[in-house]
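Data first, discussion second: the structure below is written as C-alpha coordinates.
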Protein chains: 2
Amino acid sequence: MIFRINQSAGVPLYIQLMEQVKHAVELGALREGDQLPTIRKVAEELVINPNTVVRAYRELEHEGVLELKHGSGAFITEPSGKRAPLIAKAQAIVQSAIDRLAALGLTEEELRRIFESQLAQVRAEGRMEKQKG
Amino acid sequence: MIFRINQSAGVPLYIQLMEQVKHAVELGALREGDQLPTIRKVAEELVINPNTVVRAYRELEHEGVLELKHGSGAFITEPSGKRAPLIAKAQAIVQSAIDRLAALGLTEEELRRIFESQLAQVRAEGRMEKQKG
DNA sequence: CAAAGTGTACTATTCAAGTAATACACTACA
DNA sequence: TGTAGTGTATTACTTGAATAGTACACTTTG
(Lines give C-alpha, C1' and ligand atoms only; values in the text may rest on other atoms or scores of the structure.)
Protein backbone atom coordinates (compact mmCIF):
# COMPACT_ATOMS: atom_id res chain seq x y z
CA MET A 1 0.00 0.00 0.00
CA ILE A 2 1.43 3.29 -1.14
CA PHE A 3 -0.22 6.53 -0.12
CA ARG A 4 -0.40 9.67 -2.19
CA ILE A 5 -1.47 12.88 -0.54
CA ASN A 6 -2.14 16.36 -1.77
CA GLN A 7 -1.17 18.99 0.78
CA SER A 8 -2.81 21.83 -1.11
CA ALA A 9 -6.12 20.14 -1.86
CA GLY A 10 -8.03 21.57 1.08
CA VAL A 11 -9.11 18.07 2.02
CA PRO A 12 -7.78 16.99 5.42
CA LEU A 13 -4.86 14.62 5.16
CA TYR A 14 -6.35 12.00 7.44
CA ILE A 15 -9.43 11.90 5.20
CA GLN A 16 -7.25 11.39 2.14
CA LEU A 17 -5.52 8.46 3.81
CA MET A 18 -8.83 6.93 4.86
CA GLU A 19 -10.26 7.20 1.37
CA GLN A 20 -7.28 5.47 -0.14
CA VAL A 21 -7.45 2.56 2.24
CA LYS A 22 -11.17 2.19 1.64
CA HIS A 23 -10.67 2.26 -2.08
CA ALA A 24 -8.00 -0.40 -1.95
CA VAL A 25 -10.31 -2.62 0.08
CA GLU A 26 -13.26 -2.02 -2.21
CA LEU A 27 -11.12 -2.89 -5.20
CA GLY A 28 -9.83 -6.01 -3.55
CA ALA A 29 -6.23 -4.82 -3.57
CA LEU A 30 -6.24 -5.14 0.20
CA ARG A 31 -7.77 -8.23 1.78
CA GLU A 32 -8.76 -9.36 5.20
CA GLY A 33 -5.68 -9.96 7.30
CA ASP A 34 -3.34 -7.84 5.19
CA GLN A 35 -1.06 -5.63 7.20
CA LEU A 36 -0.96 -1.92 6.52
CA PRO A 37 2.23 0.10 6.67
CA THR A 38 3.26 1.25 10.11
CA ILE A 39 2.04 4.54 11.50
CA ARG A 40 5.57 5.79 11.83
CA LYS A 41 6.53 4.56 8.37
CA VAL A 42 3.61 6.30 6.68
CA ALA A 43 4.31 9.50 8.57
CA GLU A 44 7.93 9.37 7.61
CA GLU A 45 7.33 8.63 3.94
CA LEU A 46 4.77 11.37 3.51
CA VAL A 47 6.62 13.75 5.82
CA ILE A 48 3.58 14.35 7.97
CA ASN A 49 2.93 14.02 11.66
CA PRO A 50 2.39 10.53 13.09
CA ASN A 51 -0.68 11.83 14.90
CA THR A 52 -2.33 12.46 11.56
CA VAL A 53 -1.82 8.86 10.51
CA VAL A 54 -3.03 7.69 13.90
CA ARG A 55 -6.19 9.62 13.37
CA ALA A 56 -6.83 8.07 9.97
CA TYR A 57 -6.17 4.55 11.22
CA ARG A 58 -8.26 5.02 14.30
CA GLU A 59 -11.25 6.26 12.37
CA LEU A 60 -10.89 3.36 9.98
CA GLU A 61 -10.85 1.04 12.96
CA HIS A 62 -13.98 2.70 14.27
CA GLU A 63 -15.64 2.09 10.91
CA GLY A 64 -14.65 -1.54 11.04
CA VAL A 65 -12.26 -1.43 8.10
CA LEU A 66 -9.16 -2.38 10.01
CA GLU A 67 -7.96 -3.42 13.42
CA LEU A 68 -5.11 -1.87 15.35
CA LYS A 69 -3.14 -4.47 17.24
CA HIS A 70 -1.11 -2.94 20.01
CA GLY A 71 2.52 -3.75 19.50
CA SER A 72 2.13 -5.46 16.19
CA GLY A 73 0.42 -3.32 13.59
CA ALA A 74 -2.71 -2.42 11.62
CA PHE A 75 -4.60 -5.15 9.81
CA ILE A 76 -7.52 -5.16 7.42
CA THR A 77 -10.60 -6.75 8.95
CA GLU A 78 -13.21 -5.99 6.33
CA PRO A 79 -13.76 -8.67 3.68
CA SER A 80 -13.33 -7.37 0.15
CA GLY A 81 -16.94 -8.08 -0.61
CA LYS A 82 -18.82 -9.07 -3.73
CA ARG A 83 -18.74 -5.51 -4.97
CA ALA A 84 -15.12 -5.78 -6.02
CA PRO A 85 -15.96 -6.73 -9.65
CA LEU A 86 -18.44 -3.89 -9.76
CA ILE A 87 -15.83 -1.46 -8.54
CA ALA A 88 -13.36 -2.80 -11.06
CA LYS A 89 -15.84 -2.21 -13.84
CA ALA A 90 -16.54 1.28 -12.61
CA GLN A 91 -12.85 1.95 -12.46
CA ALA A 92 -12.49 0.96 -16.09
CA ILE A 93 -15.22 3.39 -17.07
CA VAL A 94 -13.61 6.20 -15.14
CA GLN A 95 -10.21 5.44 -16.51
CA SER A 96 -11.33 5.55 -20.10
CA ALA A 97 -13.19 8.80 -19.51
CA ILE A 98 -10.23 10.42 -17.81
CA ASP A 99 -7.92 9.26 -20.56
CA ARG A 100 -10.09 10.92 -23.16
CA LEU A 101 -10.30 14.08 -21.10
CA ALA A 102 -6.57 14.21 -20.52
CA ALA A 103 -6.07 13.79 -24.25
CA LEU A 104 -8.28 16.81 -24.85
CA GLY A 105 -5.72 18.87 -22.99
CA LEU A 106 -7.80 19.61 -19.97
CA THR A 107 -6.27 20.82 -16.74
CA GLU A 108 -6.78 18.82 -13.59
CA GLU A 109 -8.57 21.77 -12.06
CA GLU A 110 -10.93 22.11 -15.01
CA LEU A 111 -11.62 18.41 -14.91
CA ARG A 112 -12.35 18.54 -11.20
CA ARG A 113 -14.81 21.37 -11.65
CA ILE A 114 -16.63 19.56 -14.42
CA PHE A 115 -16.75 16.39 -12.34
CA GLU A 116 -18.11 18.18 -9.29
CA SER A 117 -20.64 20.05 -11.34
CA GLN A 118 -21.98 16.91 -13.01
CA LEU A 119 -21.95 15.01 -9.77
CA ALA A 120 -23.98 17.74 -8.11
CA GLN A 121 -26.40 17.43 -10.99
CA VAL A 122 -26.91 13.71 -10.55
CA ARG A 123 -27.14 14.12 -6.80
CA ALA A 124 -29.76 16.82 -7.13
CA GLU A 125 -31.80 14.60 -9.41
CA GLY A 126 -31.66 11.78 -6.90
CA ARG A 127 -30.15 9.39 -9.42
CA MET A 128 -27.32 8.37 -7.17
CA GLU A 129 -27.28 5.45 -4.78
CA LYS A 130 -26.89 6.53 -1.18
CA GLN A 131 -25.99 3.23 0.39
CA LYS A 132 -24.11 0.25 -0.90
CA GLY A 133 -26.21 -2.46 -2.43
CA MET B 1 -26.11 31.67 -10.97
CA ILE B 2 -27.17 29.21 -8.33
CA PHE B 3 -24.68 27.89 -5.85
CA ARG B 4 -24.64 24.44 -4.34
CA ILE B 5 -22.43 23.76 -1.37
CA ASN B 6 -21.61 20.70 0.62
CA GLN B 7 -21.03 21.47 4.28
CA SER B 8 -19.69 18.03 5.11
CA ALA B 9 -17.28 17.69 2.22
CA GLY B 10 -14.21 18.91 4.06
CA VAL B 11 -13.53 21.37 1.26
CA PRO B 12 -13.68 24.99 2.45
CA LEU B 13 -16.91 26.68 1.47
CA TYR B 14 -15.22 29.67 -0.11
CA ILE B 15 -13.28 27.29 -2.34
CA GLN B 16 -16.48 25.56 -3.41
CA LEU B 17 -18.00 28.89 -4.36
CA MET B 18 -14.92 29.91 -6.29
CA GLU B 19 -14.85 26.67 -8.21
CA GLN B 20 -18.45 27.02 -9.25
CA VAL B 21 -17.99 30.53 -10.56
CA LYS B 22 -14.91 29.48 -12.48
CA HIS B 23 -16.73 26.54 -13.97
CA ALA B 24 -19.63 28.69 -15.09
CA VAL B 25 -17.20 31.06 -16.77
CA GLU B 26 -15.26 28.26 -18.43
CA LEU B 27 -18.47 26.80 -19.72
CA GLY B 28 -19.66 30.12 -21.02
CA ALA B 29 -22.69 30.18 -18.75
CA LEU B 30 -21.35 33.39 -17.28
CA ARG B 31 -20.00 36.06 -19.59
CA GLU B 32 -18.03 39.24 -19.28
CA GLY B 33 -20.19 41.90 -17.66
CA ASP B 34 -22.66 39.51 -16.10
CA GLN B 35 -23.57 40.36 -12.54
CA LEU B 36 -23.20 37.78 -9.84
CA PRO B 37 -25.64 37.43 -6.97
CA THR B 38 -25.10 39.77 -4.08
CA ILE B 39 -22.84 38.81 -1.21
CA ARG B 40 -25.71 39.12 1.23
CA LYS B 41 -28.07 37.20 -1.02
CA VAL B 42 -25.70 34.29 -1.47
CA ALA B 43 -25.00 34.17 2.24
CA GLU B 44 -28.69 34.21 3.00
CA GLU B 45 -29.64 31.53 0.49
CA LEU B 46 -26.91 29.13 1.56
CA VAL B 47 -27.28 30.05 5.23
CA ILE B 48 -23.60 30.80 5.63
CA ASN B 49 -21.70 33.81 6.85
CA PRO B 50 -21.39 36.79 4.49
CA ASN B 51 -17.69 36.92 5.27
CA THR B 52 -17.28 33.53 3.62
CA VAL B 53 -18.84 34.82 0.42
CA VAL B 54 -16.73 37.95 0.60
CA ARG B 55 -13.68 35.79 0.79
CA ALA B 56 -14.66 33.79 -2.28
CA TYR B 57 -15.47 36.88 -4.30
CA ARG B 58 -12.34 38.69 -3.23
CA GLU B 59 -10.10 35.84 -4.20
CA LEU B 60 -11.85 35.59 -7.54
CA GLU B 61 -11.24 39.28 -8.01
CA HIS B 62 -7.60 38.77 -7.18
CA GLU B 63 -7.44 36.06 -9.83
CA GLY B 64 -9.01 38.39 -12.35
CA VAL B 65 -12.22 36.44 -12.78
CA LEU B 66 -14.54 39.16 -11.54
CA GLU B 67 -14.59 42.74 -10.38
CA LEU B 68 -16.17 44.02 -7.20
CA LYS B 69 -17.76 47.40 -7.72
CA HIS B 70 -18.28 49.17 -4.45
CA GLY B 71 -21.94 49.96 -4.03
CA SER B 72 -23.12 48.19 -7.10
CA GLY B 73 -22.13 44.54 -7.18
CA ALA B 74 -19.84 41.83 -8.50
CA PHE B 75 -19.30 41.48 -12.23
CA ILE B 76 -17.51 38.95 -14.40
CA THR B 77 -14.45 40.41 -16.09
CA GLU B 78 -12.89 37.35 -17.64
CA PRO B 79 -13.89 36.60 -21.21
CA SER B 80 -15.35 33.13 -21.66
CA GLY B 81 -12.54 32.19 -23.94
CA LYS B 82 -12.20 29.83 -26.85
CA ARG B 83 -12.02 26.87 -24.53
CA ALA B 84 -15.77 26.91 -23.91
CA PRO B 85 -16.53 24.38 -26.65
CA LEU B 86 -13.75 22.18 -25.36
CA ILE B 87 -15.18 22.35 -21.86
CA ALA B 88 -18.63 21.58 -23.18
CA LYS B 89 -17.29 18.51 -24.94
CA ALA B 90 -15.49 17.42 -21.79
CA GLN B 91 -18.66 17.92 -19.83
CA ALA B 92 -20.53 15.60 -22.16
CA ILE B 93 -17.92 12.91 -21.68
CA VAL B 94 -18.08 13.23 -17.92
CA GLN B 95 -21.84 13.26 -17.92
CA SER B 96 -22.14 10.06 -19.89
CA ALA B 97 -19.57 8.36 -17.69
CA ILE B 98 -21.29 9.42 -14.50
CA ASP B 99 -24.64 8.32 -15.85
CA ARG B 100 -23.28 4.86 -16.53
CA LEU B 101 -21.70 4.74 -13.09
CA ALA B 102 -24.84 5.88 -11.33
CA ALA B 103 -26.75 3.20 -13.20
CA LEU B 104 -24.35 0.59 -11.86
CA GLY B 105 -25.56 1.46 -8.40
CA LEU B 106 -22.38 3.07 -7.18
CA THR B 107 -22.34 5.29 -4.13
CA GLU B 108 -21.12 8.85 -4.48
CA GLU B 109 -18.35 8.07 -2.04
CA GLU B 110 -17.22 5.05 -3.99
CA LEU B 111 -17.31 7.04 -7.18
CA ARG B 112 -15.25 9.80 -5.63
CA ARG B 113 -12.62 7.39 -4.46
CA ILE B 114 -12.35 5.81 -7.88
CA PHE B 115 -12.12 9.21 -9.51
CA GLU B 116 -9.39 10.40 -7.15
CA SER B 117 -7.47 7.21 -7.54
CA GLN B 118 -7.51 7.34 -11.33
CA LEU B 119 -6.72 11.02 -11.36
CA ALA B 120 -3.73 10.41 -9.12
CA GLN B 121 -2.65 7.77 -11.58
CA VAL B 122 -2.79 10.08 -14.57
CA ARG B 123 -1.10 12.83 -12.60
CA ALA B 124 1.70 10.55 -11.54
CA GLU B 125 2.25 9.51 -15.13
CA GLY B 126 2.47 13.12 -16.20
CA ARG B 127 -0.27 12.71 -18.77
CA MET B 128 -2.25 15.69 -17.50
CA GLU B 129 -1.98 19.25 -18.75
CA LYS B 130 -0.79 21.59 -16.03
CA GLN B 131 -1.70 24.90 -17.63
CA LYS B 132 -4.48 25.86 -19.93
CA GLY B 133 -3.70 25.70 -23.60
C1' DC C 1 15.24 -11.93 28.95
C1' DA C 2 16.36 -7.96 26.17
C1' DA C 3 15.85 -5.04 22.34
C1' DA C 4 13.58 -3.28 18.49
C1' DG C 5 9.44 -2.13 16.59
C1' DT C 6 4.73 -1.49 17.16
C1' DG C 7 0.47 1.18 18.82
C1' DT C 8 -1.20 4.46 22.83
C1' DA C 9 -1.63 8.60 25.43
C1' DC C 10 -0.74 13.15 26.66
C1' DT C 11 -0.14 18.20 26.49
C1' DA C 12 0.84 22.30 24.12
C1' DT C 13 0.92 25.09 20.12
C1' DT C 14 -0.03 27.03 15.48
C1' DC C 15 -2.95 27.98 11.71
C1' DA C 16 -7.02 28.29 8.78
C1' DA C 17 -11.99 28.22 8.30
C1' DG C 18 -15.99 29.86 9.63
C1' DT C 19 -19.19 32.50 12.61
C1' DA C 20 -20.96 36.78 14.68
C1' DA C 21 -21.98 41.46 15.10
C1' DT C 22 -21.35 46.12 13.91
C1' DA C 23 -20.26 50.13 11.55
C1' DC C 24 -18.87 52.53 7.41
C1' DA C 25 -18.66 54.06 2.30
C1' DC C 26 -20.15 54.07 -2.25
C1' DT C 27 -23.86 53.78 -6.09
C1' DA C 28 -28.22 53.59 -8.22
C1' DC C 29 -32.60 55.27 -8.46
C1' DA C 30 -37.02 57.19 -7.30
C1' DT D 1 -31.71 64.62 -2.16
C1' DG D 2 -32.60 60.75 0.40
C1' DT D 3 -32.77 55.96 0.87
C1' DA D 4 -32.21 51.28 -0.14
C1' DG D 5 -28.95 48.22 -1.64
C1' DT D 6 -24.39 47.32 -2.60
C1' DG D 7 -19.38 46.23 -1.15
C1' DT D 8 -15.75 47.33 2.79
C1' DA D 9 -13.67 47.02 7.21
C1' DT D 10 -12.87 45.60 11.84
C1' DT D 11 -12.75 42.92 15.98
C1' DA D 12 -13.67 38.87 18.66
C1' DC D 13 -14.55 34.18 19.04
C1' DT D 14 -15.05 28.96 18.15
C1' DT D 15 -13.71 24.93 15.96
C1' DG D 16 -10.94 21.51 13.65
C1' DA D 17 -6.60 20.12 11.33
C1' DA D 18 -2.05 19.51 11.83
C1' DT D 19 2.36 19.85 14.15
C1' DA D 20 5.71 18.91 17.97
C1' DG D 21 7.57 16.42 21.55
C1' DT D 22 7.60 13.07 25.11
C1' DA D 23 6.61 9.09 27.58
C1' DC D 24 4.42 4.64 28.09
C1' DA D 25 2.69 -0.28 26.98
C1' DC D 26 2.46 -4.22 24.21
C1' DT D 27 4.37 -7.84 20.83
C1' DT D 28 7.69 -10.02 18.20
C1' DT D 29 12.03 -11.93 17.60
C1' DG D 30 16.69 -13.18 18.52
Side-chain angles (χ1 to χ4, degrees), chain A residues 1-22 30 33-78 116, chain B residues 1-22 30 33-78 116:
Chain A
M1 178 92 208
I2 298 175
F3 292 104
R4 292 197 186 104
I5 58 173
N6 187 349
Q7 287 278 9
S8 60
V11 181
L13 301 181
Y14 80 98
I15 299 279
Q16 294 185 39
L17 296 180
M18 288 176 65
E19 295 299 299
Q20 287 174 45
V21 172
K22 285 185 188 175
L30 282 180
D34 283 356
Q35 177 165 13
L36 287 165
T38 290
I39 290 177
R40 287 177 176 83
K41 198 167 275 179
V42 173
E44 189 181 355
E45 272 180 15
L46 302 178
V47 196
I48 61 179
N49 199 282
N51 294 334
T52 303
V53 184
V54 168
R55 181 159 187 186
Y57 278 15
R58 219 186 304 268
E59 295 232 0
L60 285 169
E61 181 176 43
H62 186 258
E63 291 185 11
V65 175
L66 55 80
E67 184 185 5
L68 287 168
K69 291 190 181 169
H70 196 169
S72 95
F75 301 85
I76 299 295
T77 56
E78 199 173 72
E116 287 299 332
Chain B
M1 179 89 207
I2 297 174
F3 291 104
R4 292 196 186 105
I5 58 172
N6 186 349
Q7 287 277 10
S8 59
V11 182
L13 300 181
Y14 79 99
I15 299 279
Q16 293 184 40
L17 297 179
M18 288 176 65
E19 295 298 299
Q20 286 175 46
V21 172
K22 285 186 189 175
L30 283 179
D34 283 355
Q35 177 165 14
L36 287 166
T38 289
I39 289 177
R40 287 176 177 80
K41 196 167 278 180
V42 173
E44 189 179 353
E45 273 181 15
L46 302 179
V47 197
I48 59 177
N49 199 281
N51 294 335
T52 303
V53 185
V54 167
R55 181 157 185 188
Y57 277 15
R58 221 191 294 275
E59 296 230 2
L60 285 168
E61 182 176 42
H62 187 257
E63 291 185 10
V65 174
L66 56 79
E67 184 185 6
L68 287 168
K69 291 190 181 168
H70 195 169
S72 96
F75 302 86
I76 299 293
T77 57
E78 198 174 73
E116 288 299 332

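Chain A is the first sequence line, chain B the second, and so forth, proteins listed ahead of strands; every chain is numbered from 1. These values consider heavy atoms only, across backbone and side chains, with no hydrogens, waters or symmetry-generated copies.
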Side chain of B:Asn51 - closest among D:dT10, D:dT6, D:dT19: D:dT10
Contact nearer the 5' end of DNA chain C, comparing A:Ala74 with B:Leu13: A:Ala74
Distance-only donor-acceptor test (3.5 Å): side chain B:Arg40, base D:dG7: yes
Nearest heavy atoms of A:Thr77 and A:Glu67, plus distance in Å: CG2-CB, 3.3 Å
Nearest-angstrom distance from the residue atom CG of B:Leu60 to C1' of D:dG7: 15 Å
Atom of B:Asn6, atom of B:Gln16 and distance for their closest heavy-atom approach: N-OE1, 2.8 Å
Length of the CD-P vector between A:Glu67 and C:dG7, whole Å: 12 Å
Atom-pair distance (NZ on A:Lys69; C1' on C:dT6), nearest Å: 13 Å
Sugar-phosphate, base or nothing in reach of A:Tyr14, heavy atoms under 4.0 Å: sugar-phosphate
B:Val11 to A:Val11 - nearest heavy-atom pair and separation: CG2-CG2, 4.1 Å
Nearest-Å distance for atom pair CG/C1', residues B:Leu36 and D:dG5: 16 Å
Whole angstrom value for the distance that separates P of C:dA4 from NZ of A:Lys41: 16 Å
Closest to the B:Ser72 side chain, choosing from D:dT8, C:dT19, C:dA28: C:dA28
From D:dT27, C:dG7, D:dA18, nucleotide with atom closest to A:His70 side chain: C:dG7
For B:Gln35 against B:Gly73, the heavy-atom pair lying closest together: NE2-CA, 3.7 Å
Given C:dG7, D:dG7, C:dG18, the nucleotide with the shortest approach to the side chain of B:Pro12: C:dG18
For atom CG of B:Leu66 and atom P of D:dG7, their distance in whole Å: 10 Å
Atom of A:Tyr57, atom of A:Leu66 and distance for their closest heavy-atom approach: O-CD1, 3.5 Å
Distance below 4.0 Å between A:Arg55 side-chain N/O and D:dA18 OP1 or OP2: no
Distance, rounded to the nearest Å, where A:Glu44 contributes CD and D:dA20 contributes P: 14 Å
Nucleotide of D:dA9, D:dG21, C:dG7 approaching B:Arg58 most closely (side-chain heavy atoms): D:dA9
Length of the CD1-P vector between A:Ile15 and D:dG16, whole Å: 13 Å
